[in-house]
Structure formats: C-alpha cells, structure tokens
**Q** 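Have a look at this one.
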Number of protein chains: 2
Amino acid sequence: MISENSKRKISESTIRRLSLYYRVLSVLEKENKETVSSKELAKREKLTPAQVRKDLSFFGSFGTRGLGYPVMELKKQIGEILGLNRAWNVAMVGVGNIGSALVGYKEFQRQGFHIKLIFDNDQRKIGSNHKGIMVSDIKNLAKELRDNNIEIVIIAVPSTVAQYIVDDVVSAGIKAILNFAPVNLRVPEDVFLRNENMSMELEYLSFALMNLFEGRLTAK
Amino acid sequence: MISENSKRKISESTIRRLSLYYRVLSVLEKENKETVSSKELAKREKLTPAQVRKDLSFFGSFGTRGLGYPVMELKKQIGEILGLNRAWNVAMVGVGNIGSALVGYKEFQRQGFHIKLIFDNDQRKIGSNHKGIMVSDIKNLAKELRDNNIEIVIIAVPSTVAQYIVDDVVSAGIKAILNFAPVNLRVPEDVFLRNENMSMELEYLSFALMNLFEGRLTAK
DNA sequence: TTGTGAATGTGAATTCATTCACAAATTCTA
DNA sequence: TAGAATTTGTGAATGAATTCACATTCACAA
Ligand SMILES: NC(=O)c1ccc[n+]([C@@H]2O[C@H](COP(=O)([O-])OP(=O)(O)OC[C@H]3O[C@@H](n4cnc5c(N)ncnc54)[C@H](O)[C@@H]3O)[C@@H](O)[C@H]2O)c1
Ligand SMILES: NC(=O)c1ccc[n+]([C@@H]2O[C@H](COP(=O)([O-])OP(=O)(O)OC[C@H]3O[C@@H](n4cnc5c(N)ncnc54)[C@H](O)[C@@H]3O)[C@@H](O)[C@H]2O)c1
C-alpha cells in the first residue's frame, strides 16, 4: 500500500483534499458506482482532474488507465492513509453549548472517532449522564486519559482556561488536540494542534460581501 | 484607507490571517499596548514578520518605521477591511444540536454577526422561543429573509435537505452562506459559500498520528 | 488479435505564496 | 541636534503548489 515516495512530505492541502475525496467516494459507493475517473471526482469537488491524480499519486497508483479508479478500493486506500479504517479514542473537555452538540453528533462515531470520556469542572454536570457517557471531574483528567488510552482530545472550554487544560492534556502524553476556543494555544513541537475557528469563516464571508463589487475577489 | 493596490487579488490565506491579526490586536488592546511590531505580531501567530508586513501591505501602510503598528488604529483598519466595524444580519436554518449551540454563542453577536431569524420545520420548535428569538416556519423562508434584510445565512440542517434549503436561500437573493452540513452544495457563481467541516480537522489529526513516526509530516 | 478510445501517472512548466534583504523612514538617546 | 537603533514597506529571489501535456497503459469492440 505504501508507495516508493511515501517518505515525501505531503502538504496540508493534499490531506484536506483526501478527506473530501473520501466523502465523495462514500457517496459514489452508495450510488453503486464501480469506478470513477479523476475527471468525475474533480467535478464533484470543484477541482481539476490533474490535482486529483497528483494528490493520489503521492501515495501510490490506485487507478487503471482507460478506466479510472475503483470506488470501493480507493475509499479503502484513502481510509488507510487517513487512519479511518480504525477506531480512535477521543475525550471531550467542556460540555457546554458546543461540547454537548459535538458529543451528540453521530457522524464522528460512525467515522471511528469514539468519544469515550467527557470532562467538566461544573459540579452539577460531573457524574451526570451525557448521551450515555458519565461526565468526569476535570481533576482526574491525566489519570483517566491514560487509563482509557485516549489518543485525541477536543477542547471546548472557555478561552480563558483553554491553555491550562491544554498544558494538562499535553502532560498526560496526548499528541493530538482539536481546539474550539478562539485563542492561540502553545503546545510542544511534537503535539499536533488544530483549531476550529468558526468566526474566521464568518469573517471571510463578511470580507467577501464587502468586496463583492470591488473586484478584489470573485465568489468562485 | 483603500490603497493603490486595492484592486489586486487577495489570496484566501491572507484574509484568514487578517482574522488572526484582528484577534491578536484585540488581546493587545486589552493589554493596553499602544504599538506592536510585525515581529511581535508574527510571534503570537507563529508566522514570520515578513508575512505580516506583506499581508498588511496589500491594503495600505499602517505602520511607522522604527516603531511598529498602532494597535487600536490597525485593529480599526483591519475591521474595516473585513467588514467587522458594522453589523450583519444573519439567519440560522435548523435549530438542532449545532444550530442551537451557535445561536447561543455570544461571541458572534459581539463581532457584529447578529442572528435575527431562526428557521426550522419541526412543529414543536416553530413558534417557540430560542434565546430570545422566535423560531420561524421554514415555509416562510424567502419572505422573512427579505423582510429582515438578512445578508448571511447559516445552514445547520441534515445533509439530506441542505441542497433544497440552499436553493431557496439563493432564490431569496442571499449572497453569503456558511454551511455546516457535510455535503458539497451547488450555488451560482455570484454566491459565496463556505463550509465548516469538523470531520476534516479530526481526520487531519488522525492522519498526523498515523504518520507521526514515518517522517511524512512533522507537528510544526 | 488488433486498433481505437479513454484515462492514468508524472516530469516539466507555470502560477502562486512566502521569505529575503535592504533602502527609507522614524524614534530614541545623549 | 546628530548618530545609533529600530522597524517598515517592497521589489527580487526563492520555494511550494497547481496545472499542463503527453507517453503509457488498459478496456473493449469488431
Ligand atoms: N457555542 C458555540 O457555538 C461555539 C462556537 C465556536 C467556538 N466556541 C468556543 O468553544 C468554547 C466553549 O463554548 P460554549 O459555548 O460551549 O461555552 P459554555 O460556557 O456553554 O461551555 C463551557 C463548558 O466548559 C466547562 N468548563 C469551564 N471551565 C472548565 C475547566 N477549568 N475545566 C473543565 N471544564 C470547564 C463549563 O462548565 C462548561 O460546561 C469556548 O471557548 C467558545 O469560545 C463555541
Ligand atoms: N452536531 C454537531 O456537532 C455537528 C457537527 C458538524 C456538523 N454537523 C452538521 O450540522 C447539521 C445539523 O446537525 P445537528 O446535529 O444539529 O442535527 P439535528 O438533527 O440536531 O438538527 C437538525 C435540525 O434541522 C431541522 N430540519 C430538518 N429538516 C429541515 C428542513 N427541511 N427545514 C428546516 N429545518 C429542518 C430539524 O428539525 C432539526 O431541528 C447536520 O448536517 C450535521 O451533519 C453537526
């Protein structure tokens, strides 16, 4: 599965596009399509066929010339690359507005991201049952993360405390963090931190509307 | 305010970074800093000073040589560029898990994104009060969007119906849409569509963990 | 079995984004 | 007031990502 050039550095945008391909392949699978060309894949994602082929070529040759890519097989391969053919143990810290929306989101579960633990510091929430998961006391964070082999932590606490939480999470040995607090968090070199910044998308739209008639930007 | 090169095409990444600068400037303002250098700004966002200066230079010269940028003034200028010094009328479609989390999120309000309308098709929700806003029937979408001068619509309905909703939203003349449904929506050329794809970030972390020891990627 | 058409895989070319490097401008110090 | 120290703003250089373009491969039909 891993091709000759697997040691090459892969760009972030390529990985993000792999996610997109994966989603489209799931749809094609449901539509009972056996094969798909880079042209078709590109059309569905508003990319170019060359882009699709180049992205995939970093990881191997999955297609057949003259025919295209086998839908099921390619999906499996991309799943392998992205680590979606396995389960990940996830913990949520902070179960307020956004935290509980995410805990209740079944799509994550179906993708293999299993939320195993929920932490909060609110006494009214600790011990209560959230979608079948008992809310743990934030005080036991480190121990519980380790005992449950948690691999990914989602941060959904107020910005003011996010850095403290992250420091504890990192101390517990976690290497992957998804942060929803609108703040720049510091983590060591070897920890992967991604930020989900919803204001940014709204601000982009705001900018777009401001410039709609000034030629700085076009919608497409 | 608009500089000579304002007609130049600005890249998406520059706009996204402007959002970051804006956020850091708000923090600096709270810290009562009068001025800030590109070096300091870069450090806080993990960018290079040259990047910061280049980004800003697309829109004008806001700094003073030897001194740096005036915090308050620069924040105001970026606010002007991004359209954050004004209010935007926003509507939410779908008030389930994620929809209600967003409606209750005060940060949007404070940034000038005022959620004025909420739509749903669930009879139990229609007419009820959500954080001070009466939930409207989706049937009245077009009329209400127009009557209330809505400029931005947020889509938080199941993927299966998202395209239908978007078609109606577009017919009503809306030019900016933020979509949370994990599906590729079709919109006309002149409509700005942004997708908030949380699975993508988790999948990126998954990929990162898979490759941590293979040299394909480093955390920083 | 051969010829035609379709589509991949990939170096090379191109376009786009970032970083370099430095003249110019301004502050600060004495 | 002069000279040292900063820091901007920006062309030029570099680096990264995307697209081009085509030889190669394979399916399929006759
Ligand atoms: N609500 C949204 O739609 C939304 C959108 C984008 C980003 N965010 C960000 O997500 C974060 C959470 O937002 P929210 O709206 O859910 O807020 P919230 O106040 O509803 O929830 C925060 C939760 O964190 C818990 N908490 C506070 N301090 C804690 C600590 N030290 N340890 C453990 N738990 C602690 C609180 O008890 C609460 O349950 C914030 O940083 C917010 O800016 C929220
Ligand atoms: N919950 C999350 O954390 C989360 C995260 C990322 C993305 N999403 C996406 O956001 C969307 C909503 O997710 P959710 O978890 O809030 O689902 P949900 O089922 O809780 O909410 C969906 C809401 O949309 C309403 N609705 C359904 N059909 C409608 C129609 N035709 N017109 C108007 N309203 C209609 C429902 O009544 C409900 O209130 C989904 O596409 C989901 O994939 C959710």
Side-chain angles (χ1 to χ4, degrees), chain A residues 1-18 20-21 25 28 33-71 73-74 77-78 81 216-218 220, chain B residues 1-18 20-21 25 28 33-71 73-74 77-78 81 216-218 220:
Chain A
M1 197 282 304
I2 290 177
S3 74
E4 292 308 312
N5 44 21
S6 72
K7 293 279 178 269
R8 196 100 51 78
K9 183 136 153 286
I10 307 294
S11 80
E12 174 171 332
S13 11
T14 292
I15 303 309
R16 295 177 68 87
R17 283 191 298 266
L18 285 189
L20 296 178
Y21 304 150
L25 288 165
L28 290 166
K33 293 271 182 356
E34 298 255 304
T35 57
V36 63
S37 65
S38 58
K39 200 171 149 200
E40 169 70 10
L41 224 33
K43 202 178 114 211
R44 300 220 184 194
E45 292 295 353
K46 296 184 200 97
L47 302 168
T48 64
Q51 177 87 82
V52 173
R53 295 200 300 276
K54 180 68 80 176
D55 282 339
L56 296 175
S57 79
F58 290 130
F59 301 95
S61 345
F62 307 115
T64 306
R65 288 163 190 222
L67 192 62
Y69 300 91
V71 171
E73 177 61 15
L74 182 59
Q77 296 281 1
I78 295 180
I81 294 162
R216 268 213 199 109
L217 193 82
T218 53
K220 285 292 122 44
Chain B
M1 196 282 303
I2 290 177
S3 75
E4 292 308 310
N5 46 22
S6 72
K7 293 280 177 270
R8 194 100 51 78
K9 181 133 156 289
I10 307 295
S11 80
E12 175 171 331
S13 11
T14 292
I15 304 308
R16 294 177 69 88
R17 283 192 297 268
L18 286 189
L20 296 177
Y21 303 150
L25 288 165
L28 289 166
K33 293 271 182 357
E34 299 256 305
T35 57
V36 63
S37 66
S38 58
K39 198 171 152 199
E40 170 69 10
L41 223 34
K43 202 178 115 212
R44 299 221 185 193
E45 292 295 353
K46 296 184 202 99
L47 302 168
T48 64
Q51 177 86 84
V52 173
R53 296 200 299 276
K54 179 67 82 175
D55 282 339
L56 295 176
S57 79
F58 290 129
F59 300 94
S61 352
F62 308 114
T64 305
R65 288 162 189 221
L67 191 61
Y69 300 91
V71 172
E73 176 61 15
L74 182 59
Q77 296 282 1
I78 295 180
I81 294 162
R216 269 214 198 105
L217 194 82
T218 53
K220 285 291 120 48

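All chains are named by letter (A, B, ...) in the order of the sequence lines, taking the proteins before the strands, and each is independently numbered beginning at 1.
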**Q** Polar-atom pairs under 3.5 Å, protein N or O versus N or O of nucleotides 15-18 of chain D: list them with distances, or write none.
**A**
from, atom 1, to, atom 2, distance (Å)
D/dT18, OP1, A/R17, NH1, 3.1
D/dT18, OP2, A/R17, NH2, 2.8
D/dT18, OP2, A/Q51, NE2, 3.4

**Q** Can you list everything that forms a side chain to side chain contact (heavy atoms under 4.5 Å, CB included) with A/S38? Sequence neighbours excluded, please.
**A** A/P49, A/V52, A/R53, A/Y69
**Q** Classify every nucleotide of nucleotides 25-30 of chain D by which part a protein heavy atom approaches to under 4.0 Å, writing B for the base, S for the sugar-phosphate alone and - for neither, in 5'-to-3' order.
**A** BB----
**Q** What closest approach, in Å, do A/L18 and A/I78 show between heavy atoms, and which atom pair accounts for it?
**A**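 Shortest heavy-atom separation between A/L18 and A/I78 comes out as O-CG2, 3.8 Å.
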**Q** Residues in side chain to side chain contact (heavy atoms under 4.5 Å, CB included) with A/T64, at least two apart?
**A**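 Side chain to side chain contact (heavy atoms under 4.5 Å, CB included) check on A/T64 returns A/L67.
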**Q** What is the distance, rounded to the nearest whole Å, between atom NZ of A/K39 and atom P of C/dG5?
**A** 15 Å
**Q** Using the criterion of both pairing distances under 3.5 Å for Watson-Crick and G-U wobble pairs, give all stems of 3 or more consecutive pairs involving DNA chain D.
**A**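 For DNA chain D the paired stretches long enough to count as stems (3 pairs minimum) are C:1-30 with D:1-30.
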**Q** Could you tell me how far apart A/F59 (CZ) and C/dT10 (C1') are, to the nearest whole angstrom?
**A**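 Distance check: A/F59 CZ to C/dT10 C1' gives 16 Å.
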**Q** Using atom CZ of A/R53 as one end and atom P of D/dT24 as the other, report the distance to the nearest whole Å.
**A**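 Spelled out: CZ on A/R53 to P on D/dT24 is 16 Å.
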**Q** Apply salt bridge (Lys or Arg N to Asp or Glu O under 4.0 Å) to A/K33 and list each qualifying residue two or more places apart in sequence or on a separate chain.
**A**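 A/K33: salt bridge (Lys or Arg N to Asp or Glu O under 4.0 Å) contacts with A/E31.
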**Q** Could you state the OH-P distance from B/Y69 to D/dT7, rounded to the nearest angstrom?
**A**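 So the OH-P distance, B/Y69 to D/dT7, works out to 12 Å.
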**Q** Could I get the full list of side chain to side chain contact (heavy atoms under 4.5 Å, CB included) partners for A/E12, not counting sequence neighbours?
**A**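 Result, side chain to side chain contact (heavy atoms under 4.5 Å, CB included) vs A/E12: A/R16, A/R194, B/Y204.
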**Q** Whole-Å distance between C/dA7 C1' and A/K43 NZ?
**A** 16 Å
**Q** Would A/Y21 and A/D55 count as a side-chain contact (heavy atoms from CB on, under 4.5 Å) if you check the C-alpha gap in whole Å, the side-chain angles of each, and the deciding distance to 0.1 Å?
**A** CA-CA 10 Å; A/Y21 304 150; A/D55 282 339; 2.6 Å; yes
**Q** Within this structure, what is the CG-to-P distance between A/L74 and C/dA7, rounded to whole angstrom?
**A**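 So the CG-P distance, A/L74 to C/dA7, works out to 16 Å.
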**Q** By side chain to side chain donor-acceptor pair (under 3.5 Å), which residues pair with A/E34, not counting sequence neighbours?
**A** none
**Q** To the nearest 0.5 Å, what is the distance between CG on A/L47 and NZ on A/K54?
**A**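 If we round to the nearest 0.5 Å, A/L47:CG and A/K54:NZ are 15.0 Å apart.
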**Q** Closest-nucleotide mapping onto DNA chain D: is B/G68 or A/A50 further toward the 5' terminus? I mean the 5' end.
**A** B/G68
**Q** Among residues at least two apart in sequence or on other chains, which ones pass side chain to side chain contact (heavy atoms under 4.5 Å, CB included) with B/S37?
**A**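 For B/S37, the residues satisfying side chain to side chain contact (heavy atoms under 4.5 Å, CB included) (neighbours in sequence not counted) are B/K39, B/E40.
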**Q** How close or far is atom C1' of C/dT18 from atom CD1 of B/I10, stated in whole angstroms?
**A** 15 Å
**Q** Which residue, A/L20, A/L25, A/L28, forms the side chain to side chain contact (heavy atoms under 4.5 Å, CB included) with A/R44?
**A**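 Going through the options one by one, the only one that passes is A/L28.
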**Q** Which heavy atom of B/L56 sits nearest a heavy atom of B/F62, and at what distance?
**A** O-CE1, 3.6 Å
**Q** Could you state the CG-P distance from B/L56 to D/dG9, rounded to the nearest angstrom?
**A** 8 Å
